[in-house]
Amino acid sequence: MLGNDNYYLGADVGSVSTNLVLLSEKNEVALTLYLRTQGRPMQTIQEGIKVLRSKIGKSAKIIGVGTTGSARQLAATLLGADVIKNEITAHAVAASRVNPSVQTILEIGGQDSKIIILRDGVVSDFAMNTVCAAGTGSFLDQQAARLGIPIEEFGHLALEAASPVKIAGRCSVFAESDMIHKQQLGHALPDILAGLCQAMVRNYLNNVGKNKDIRGPIFFQGGVAANPGIRKAFEEELGQPIIVPEHFGVMGALGAAYLAQEKVGRQSELRTRFRGLQLGDIQFNARSFECSGCANRCEVVEILQEGSILARWGDRCGKWANAVGKGTYKGKSQEGEQQGA
Amino acid sequence: MKVTFPHMGNAWIVIQTLFESLNIEVVVPPQNSKQTLTLGSKLAPEAACLPLKLNLGNYIEAVREGADTIVITGGIGPCRFGYYGEIERQILREAGYHFDVVTLEPPDGSLRGLAQRIRYLAGKKNSWASILKALRFAYLKCVALDQVEDMIHAARPRLSDSHETERLYEEGKNRLAQAMTVKGIRDSVCSIRQSLRDHQMAGIKNADKFHKPLRIGIIGEIYTILDPFTSVGIEAELGRLGVEVDRSIYLSGWVGNHIFQGLAPGYRSIRSYPSHAKPFLSHFVGGHGQETVGAAVKFAREGFDGIIQIFPLSCMPEIVAASVLPRVQETYQVPIMTLIVDEHTGHAGIQTRLEAFVDLLERPSLKGISETSREGVSLVGER
């Protein structure tokens with residue numbers, strides 16, 4: 001049970017996991033929560049808020065909210081966020097708060113991977129994996145499942161390797177068939193796992209890290225940073241120590257909390273837009289329709305709270321999004337026509 | 001003969017004008033859409049680049065309105081686009097569509113071959129004088145369209161209501177599409193300029209001062225950067241994020257250089273790019289690879305805050321350019337980001353990258369300035 005302090009809430013709602021962080025006014029991480037999104041971000045966020053509510057004191061207050069991750073907009077609507085930020089900035093902010101001298105961030109999550117270059121505590125360059133998701137957490141998950149080992153043990157087994165085998169890392173499909181081939185030849189499991197770690201790291205550095213000026217101190221964050229096999233492979237490949245920060249798995253959410261703190265803390269008169277801890281019990285619905293106003297045929301998403309429209313997005317022109325709360329374009333319309341005020 | 005042509009951004013307005021003033025029946029295909037892409041992808045080889053897939057989709061959608069002749073521009077050098085006219089004709093024939101394909105290009109660099117093809121399209125009823133007059137008129141309209149588009153580039157970050165800005169843009173395009181005289185074109189441009197100004201002045205009363213937006217130069221493969229469907233609306237998106245964009249290539253600049261062999265400069269002539277590119281890429285690499293590098297150098301020298309390169313997956317000339325750009329970035333200390341688009345490019349991924357890039361660029365200008373009001377792009381990289 002946490003005390004009755006004031007907290008900043010950071011939420012990182014990604015494709016694989018939903019992370020929540022409570023940051024106290026004294027800049028201490030009071031609570032971290034890691035939930036699997038499982039394709040249901042709305043329910044997961046509400047679940048998270050319920051857990052949060054059960055863990056903090058009755059008179060504890062949320063005084064600022066920041067959201068990030070691929071469902072940041074959805075999370076912001078549900079929670080009532082003060083700051084909405086992309087993952088890159090959120091990760092960079094968190095890392096530079098933890099260690100202001102950090103110059104490189106390697107981040108590998110469930111479906112994406114990115115590299116962020118910082119100089120003097122601000123982002124100077126970044127890259128994300130482009131069209132291919134090879135070498136992200138989901139792929140490691142799959143392979144661990146295929147080999148029948150828990151993902152938590154993956155890295156420790158890889159560390160036991162005597163002579164890692166060479167595995168093609170360019171593409172996850174090739175990597176998998178290469179791995180099966182090496183298994184059939186009789187190579188030991190740790191050697192194969194270590195080989196896979198090396199292949200992933202090579203792939204990451206060749207694609208995401210291409211042309212980037214990687215200088216220490218280097219932070220390694222995101223879910224995959226839990227894997228010591230990957231950590232070791234990075235250290236070998238880069239020839240430098242890799243630092244895994246304490247809250248490596250929730251750095252995005254932590255960054256969002258810091259950003260909320262900056263925004264709300266700076267303007268003393270500004271009150272948070274947080275919608276309250278009871279939102280775990282409110283009925284939210286989402287629905288979508290295709291607007292036929294022009295050739296873009298945008299898929300517009302509507303978020304409803306107990307029947308009334310909370311937010312809309314997905315339209316490129318802003319016709320639907322801007323109309324929320326203005327009384328026009330009310331209600332769902334298959335034809336994309338105005339249905340009166 | 002009912003002529004159709006592939007879409008590329010606003011090009012349809014110019015092409016329609018040209019054919020209509022020569023009394024050639026023309027079918028404007030429906031705008032590029034997911035439907036277009038779905039139709040095109042079914043016929044195109046999987047590994048072909050995005051423009052081919054969209055082109056094919058355009059033709060099939062045009063068939064439904066009775067089109068029987070395709071007009072496409074050609075090209076020379078190692079870019080697949082040069083062969084698209086012929087490839088498309090064969091693909092369509094195999095799929096059971098019998099189009100007559102006319103490729104407008106100067107074969108072996110001679111304007112005579114081009115003239116023959118124009119004559120074929122125009123038929124005997126049009127004199128050369130009327131053909132030239134029609135070309136000139138279409139060209140003037142093209143330059144006017146580019147002017148309007150560039151005004152919108154400037155207006156997007158400055159006008160408060162993004163929906164209203166896009167509406168003004170649509171209105172401007174419609175007015176230009178309907179303009180039948182040179183005076184009509186001029187009046188349209190003036191009236192759009194005036195209404196944009198009015199909107200800006202109305203907005204300033206509320207905000208009480210001008211803000212200086214970030215400037216980003218868009219470079220890359222021509223089809224992708226000219227066609228908002230293909231570029232996932234990146235220009236409008238950046239505008240909403242408060243960024244003024246400029247582009248390396250505008251339609252009339254390309255037409256002037258490519259089809260008229262430099263006889264007409266167009267809006268934002270692309271002629272100076274190769275010399276700008278020289279220290280980094282000294283020779284032609286196909287497509288607009290060299291122009292992309294040159295444009296990056298030019299934008300950097302003009303003090304743009306950042307540059308975004310955008311091209312379809314597997315575009316060879318742009319891949320060459322992309323591997324040269326880090327040196328431009330280093331030399332001029334200007335951030336350059338590369339975006340690759342393909343069939344399945346979702347909007348969310350692009351959005352994240354654009355927001356992060358804008359965050360990165362806003363950092364220096366934010367120091368010492370209090371909070372800006374725009375949600376989502378404030379608080380950048382500050383500590």
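From a predicted model like this one, the values you see are computed outputs, not experimental measurements. Order of the sequence lines fixes the chain letters, A, B, ..., with proteins taken first and strands second; residue numbering starts at 1 for each chain.
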Spatial distance of atom CG (B/Leu360) from atom CG (A/Asp125) [nearest 0.5 Å] | 7.0 Å

Sequence neighbours excluded, which residues qualify as ring-ring contact (aromatic ring centres under 6.0 Å, His included) partners of B/Tyr223?
-> none

Set of residues satisfying ring-ring contact (aromatic ring centres under 6.0 Å, His included) with respect to B/Tyr332, sequence neighbours excluded | none

CA sep, side-chain torsions, deciding dist, call: B/Arg353, A/Glu87, salt bridge (charged side-chain N to carboxylate O under 4.0 Å, His left out) | CA-CA 9 Å; B/Arg353 286 164 175 84; A/Glu87 303 91 294; over 6 Å; no

B/Gln329 versus chain A, the contacting section by heavy-atom distance below 4.5 Å = side chain

Could you tell me whether the side chains of B/Asp359 and A/Thr89 share a donor-acceptor contact shorter than 3.5 Å?
-> yes

Kindly compute the distance separating OG1 (B/Thr338) from NZ (A/Lys210), expressed to the nearest 0.5 Å.
-> 8.0 Å

Taking C-beta and beyond as the side chain, do A/Gln73 and B/Gln351 meet within less than 4.5 Å on heavy atoms?
-> no

Against chain A, label B/Pro326 side chain, backbone, both or neither, depending on which of its atoms sit under 4.5 Å from a heavy atom there.
-> side chain

OG (A/Ser124) and CD (B/Gln333) are apart, to the nearest 0.5 Å, by 8.5 Å

Indicate yes or no: at least one non-hydrogen side-chain atom of A/Glu290 is less than 4.5 angstrom from one of B/Lys34.
-> yes

Tell me, yes or no, whether the heavy-atom count around A/Glu25 atom CD, taken from other residues, nucleotides or ligands under 6.0 Å, exceeds 12.
-> yes

